[in-house]
Amino acid sequence: MQGFQEFLNRPKMQKFRHIDYTNWAVYVVLILISYQFMYPMLRMLTMSVMSSDDIINPVVNWVPTSLSFGNFATAWGVMNPSVTMVNSIWFSGLLAVCQTLVSATTGFALARFEFPLKKFWFFMILSSFILPLPVMLIPRTMMVFNIQDTLGVQMFGTIWPQTAMALGGQGVFSAILILIFYNFTRMIPTALDEAASIDGASSLQIFYHIILKLSVATLLVVFLFSFVWNWNETIVTQTFMRGTGIPLIPQQLSQFESVFANFAGAAQGAEAGLEQERINEAFRMSGTMISIFPLFVIYLAVQRHFIKGIENTGITGV
């Protein structure tokens with residue numbers, strides 16, 4: 001009590017001299033930024049459990065009057081995740097593995113070797129990220145057409161165009177993934193490479209036994225980035241896999257309204273009133289929640305290693 005009385009008797013400037021206003025400013029900025037990220041997720045979550053009456057009720061904004069988990073059952077039937085989600089997992093995983101392998105080898109080569117026009121090729125890799133996607137998509141489509149006509153092999157409607165682009169360093173945001181490995185490899189002392197070379201190790205052995213084994217967290221970060229980006233990619237996938245028999249969950253989500261209309265028409269006898277609710281936003285938000293659920297589970301499972309990998313890749317400005 002005596003100490004508190006002494007604090008009250010101090011002059012005003014001495015009372016609050018110990019307060020670090022910089023930290024408070026940082027906290028305020030972080031809270032505002034986090035709100036921008038959390039608002040869409042919270043809004044999506046609350047709307048997905050709203051009933052039809054709550055959706056059209058102007059008084060109901062955030063808290064529904066009654067929870068309607070039946071929205072997820074209807075969205076599940078429309079999205080057909082037992083097929084589309086499985087296809088999206090193996091397809092995105094395949095492209096992520098290809099991009100991770102190519103990004104690791106390319107980043108290692110750029111960081112450790114000197115070769116003619118190195119700066120030029122490095123600039124070209126970065127330019128592939130700067131250029132808009134439609135600008136890159138047109139020549140890539142023409143290239144696939146030429147390969148298909150020359151070899152007589154069906155390319156469109158298969159996984160081969162995107163797989164070939166991923167193996168060629170032209171996958172979704174491959175330039176960023178290469179840059180991540182490039183920065184991390186530069187952080188590894190070259191003395192380790194020299195010591196291995198003295199012992200007779202080749203460049204491939206150095207890459208495998210030193211670089212890869214020290215970059216497990218970085219491999220995880222690159223793989224997750226690639227997996228999420230390929231999971232959410234729709235423009236390139238719809239261009240090269242049109243007419244394919246491999247339905248993916250992002251494409252199913254983009255066609256949610258039309259598929260829902262057919263689903264409602266087929267179930268009109270079993271579920272009365274479903275046709276009138278076909279434009280209900282609660283169903284769309286439920287479908288969106290289903291589509292991102294695997295990504296959410298994956299992040300929760302590896303978040304500690306993911307954050308550690310982010311710290312080690314040089315993205316934070318190290």
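Every heavy atom of this structure was used, including side-chain atoms; hydrogens, water molecules and symmetry mates were not. The shown structure was predicted, so the numbers you read here are calculated from the model rather than taken from an experiment.
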- Looking only at side chains, do S197 and D193 share a donor and an acceptor under 3.5 Å apart? no
- Could you please spell out the steps behind the side chain to side chain contact (heavy atoms under 4.5 Å, CB included) verdict for V102 and S174? CA-CA 9 Å; V102 172; S174 285; over 6 Å; no
- Item | Test side chain to side chain contact (heavy atoms under 4.5 Å, CB included) applied to T46 and V63, step by step | CA-CA 7 Å; T46 56; V63 182; over 6 Å; no
- Message: Are more than 12 heavy atoms, taken from residues, nucleotides or ligands other than R186, located less than 6.0 Å from that residue's CZ atom?
- Response: no
- Pairwise distance CD1(I235) to OG(S254) - rounded to 0.5 angstrom: 11.0 Å
- F115 atom CZ: more than 12 heavy-atom contacts under 6.0 Å: yes
- Message: Quick check: do F256 and M79 have side-chain heavy atoms less than 4.5 Å from each other?
- Response: yes
- Message: Tell me whether N71 contacts the main-chain N or O of M50 through its side chain, where contact means a donor paired with an acceptor under 3.5 Å.
- Response: yes
- Task: Report yes or no: do N80 and S82 form a side-chain donor-acceptor pair below 3.5 Å?
- Result: yes
- Item | Full working for side chain to side chain contact (heavy atoms under 4.5 Å, CB included) between F283 and V78 | CA-CA 9 Å; F283 293 127; V78 175; over 6 Å; no
- Tested for side chain to side chain donor-acceptor pair (under 3.5 Å) against Q170, the lone hit among Q162, Q99, R140 is R140
- Rounding to 0.5 Å, atoms CG (L126) and CD1 (I176) come to a distance of 7.5 Å
- Heavy-atom distance under 4.5 Å between the side chains of L219 and F184, does that happen here? no
- What pairs meet the ring-ring contact (aromatic ring centres under 6.0 Å, His included) rule with one or both residues in residues 47-79, with sequence neighbours excluded? Y39-W62
- Apply side chain to side chain contact (heavy atoms under 4.5 Å, CB included) to V97 and list each qualifying residue two or more places apart in sequence or on a separate chain. F223
- When rounded to the nearest 0.5 angstrom, what is the spacing between CD1 in I290 and CE in M285? 12.0 Å
- Item | Minimum heavy-atom distance A75-S286, with the two atoms named | CB-CB, 3.8 Å
- Message: Applying ring pair (Phe, Tyr, Trp, His ring centres under 6.0 Å), can you list everything that pairs with F240, at least two apart in sequence or on another chain?
- Response: F156
- From E233 CD over to T239 OG1, what is the distance, rounded to the nearest 0.5 angstrom? 8.0 Å
- Task: Test L248 against M85 for side chain to side chain contact (heavy atoms under 4.5 Å, CB included), laying out the working first.
- Result: CA-CA 7 Å; L248 302 175; M85 189 177 295; over 6 Å; no
- T288 side, atom OG1; L253 side, atom CG - distance, nearest 0.5 Å: 4.5 Å
- Indicate the ring-plane relationship of W229 and F173, choosing parallel, tilted or perpendicular according to the 30° and 60° boundaries. perpendicular
- Heavy-atom side-chain proximity of S291 to P250 below 4.5 angstrom: no
